[in-house]
Amino acid sequence: MPTVHANNIDIAYNDQGSGDIPIVLVHGFPLDKGMWEPQVKALSGEFRIITPDLRGHGESQVTQGPYTMELLADDLNGFLDALNLQQVVLGGFSMGGYAVFSFYRKYPERVNSLMLLDTRPQPDSEDGKKGREDMAQLAEREGAGPIAERLIPRLLSPNTVANRQDVVNTVNAMITNCPVEGIAGDLRGMALRGDSSDLLSKINVPTLIVVGDQDAITPPAESQSMASIISNATLVEVSGAGHISNLENPDEFNQAIHDFLHHH
Ligand code: MLT
């Protein structure tokens with residue numbers, strides 16, 4: 001797996017296919033670039049798909065947290081520099097989307113178009129912030145196992161949990177392989193994130209919004225609301241999918257990305 005040095009850390013990534021404007025897909029919490037496997041398979045015949053591991057995840061370097069969304073945005077900016085990419089189609093899943101909002105605020109000139117995937121602009125509530133700290137401490141005390149147990153029923157739809165053991169296993173493996181510093185760094189960084197709602201009306205690039213119709217973490221209503229504010233937005237609701245809609249229903253998810261990339 002190739003690695004580049006960017007923003008003072010080593011960032012591992014996968015880079016497949018070719019095309020004029022590369023597509024960079026940013027994974028969520030507490031996952032890694034492996035979450036994009038069905039997209040890389042389906043789309044890299046036509047497009048160049050680049051999937052980095054965020055700091056503290058997958059094969060990228062681990063640092064002490066908190067990983068603020070601004071820090072992750074700076075990592076991505078350094079990553080694009082290291083790969084010599086001026087402009088990209090930038091997609092972020094959930095926490096990856098929070099980082100993409102920060103990136104768009106700081107480096108809008110590098111964004112050809114946006115994909116906001118099972119994500120939302122609002123910060124955490126006070127209760128939510130407390131829950132993040134509790135979970136960070138649980139990870140530090142007991143490791144990633146209990147984090148996977150707690151998250152999987154929220155990340156995936158009940159039907160996926162009951163009937164798609166392959167998807168459950170994939171997600172479980174990503175979470176249990178995630179370094180504890182990465183889990184805690186994300187949680188404390190997400191708790192610190194600001195509100196990106198004001199940014200929505202300023203987004204002036206074509207934007208694809210995708211959400212699982214049973215997403216319990218970033219529900220469809222949030223995506224509908226983003227689609228009504230962003231001036232050039234396309235909204236796709238993926239059927240029979242919870243939060244990790246790209247793994248739960250890859251066919252519909254990939255079709256949405258495919259159609260978007262062909263129209264812009
Ligand atoms: C994610 O999928 O990245 C996280 O679940 C997002 C969150 O907890 O807010």
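Model, not experiment: these values are computed from the prediction. Every number for a ligand or one of its atoms is a count from 1 in the order of the listing.
For ligand 1, the atoms sitting less than 4.0 Å from at least one non-hydrogen atom of G28 are 3 (O), numbered in the order shown with element in parentheses. For ligand 1, the atoms sitting less than 4.0 Å from at least one non-hydrogen atom of F93 are 2 (O), numbered in the order shown with element in parentheses. Counting atoms of ligand 1 from 1 in the listed order, those under 4.0 Å from a heavy atom of M95 are 1 (C), 3 (O).
Between D81 and R110, at least one side-chain nitrogen of the basic residue sits less than 4.0 Å from a carboxylate oxygen of the acidic one, meeting the salt-bridge criterion. Looking at D74 and K106, a side-chain N of the basic residue comes within less than 4.0 Å of a carboxylate O on the acidic one, giving a salt bridge.
Within the 4.0 Å heavy-atom shell around ligand 1 one does not find R154. Between H27 and ligand 1 there is no heavy-atom distance shorter than 4.0 Å.
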#### Entry: Full working for salt bridge (charged side-chain N to carboxylate O under 4.0 Å, His left out) between E133 and R188
CA-CA 6 Å; E133 182 55 33; R188 295 190 174 114; 2.8 Å; yes
### Task
Just do the ring pair (Phe, Tyr, Trp, His ring centres under 6.0 Å) check on H57 and F29 with the steps written out, would you?
CA-CA 9 Å; H57 296 264; F29 160 82; 7.6 Å; no
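Under the 30°/60° scheme for interplanar angles, the aromatic rings of F253 and W36 are found to be tilted.
Ligand 1 has an N or O atom lying under 3.5 Å from an N or O atom of F29, backbone or side chain.
Contacts between R120 and ligand 1 below 4.0 angstrom, taking non-hydrogen atoms only, involve the side chain exclusively.
Evaluated for a side chain to side chain contact (heavy atoms under 4.5 Å, CB included) with I203, the options I230, I229, V111 yield exactly one hit, I230.
Nearest non-hydrogen protein atom to atom 8 (O) of ligand 1 is R132 NH1, 2.8 Å. Annotation: atom 9 (O) of ligand 1 to nearest protein heavy atom, Y98 OH, 2.6 Å. Among protein heavy atoms, the minimum distance from atom 4 (C) of ligand 1 is reached at S94 OG, 3.4 Å.
Atom CG of L208 is separated from atom CG of L235 by 8.5 Å, given to the nearest 0.5 angstrom.
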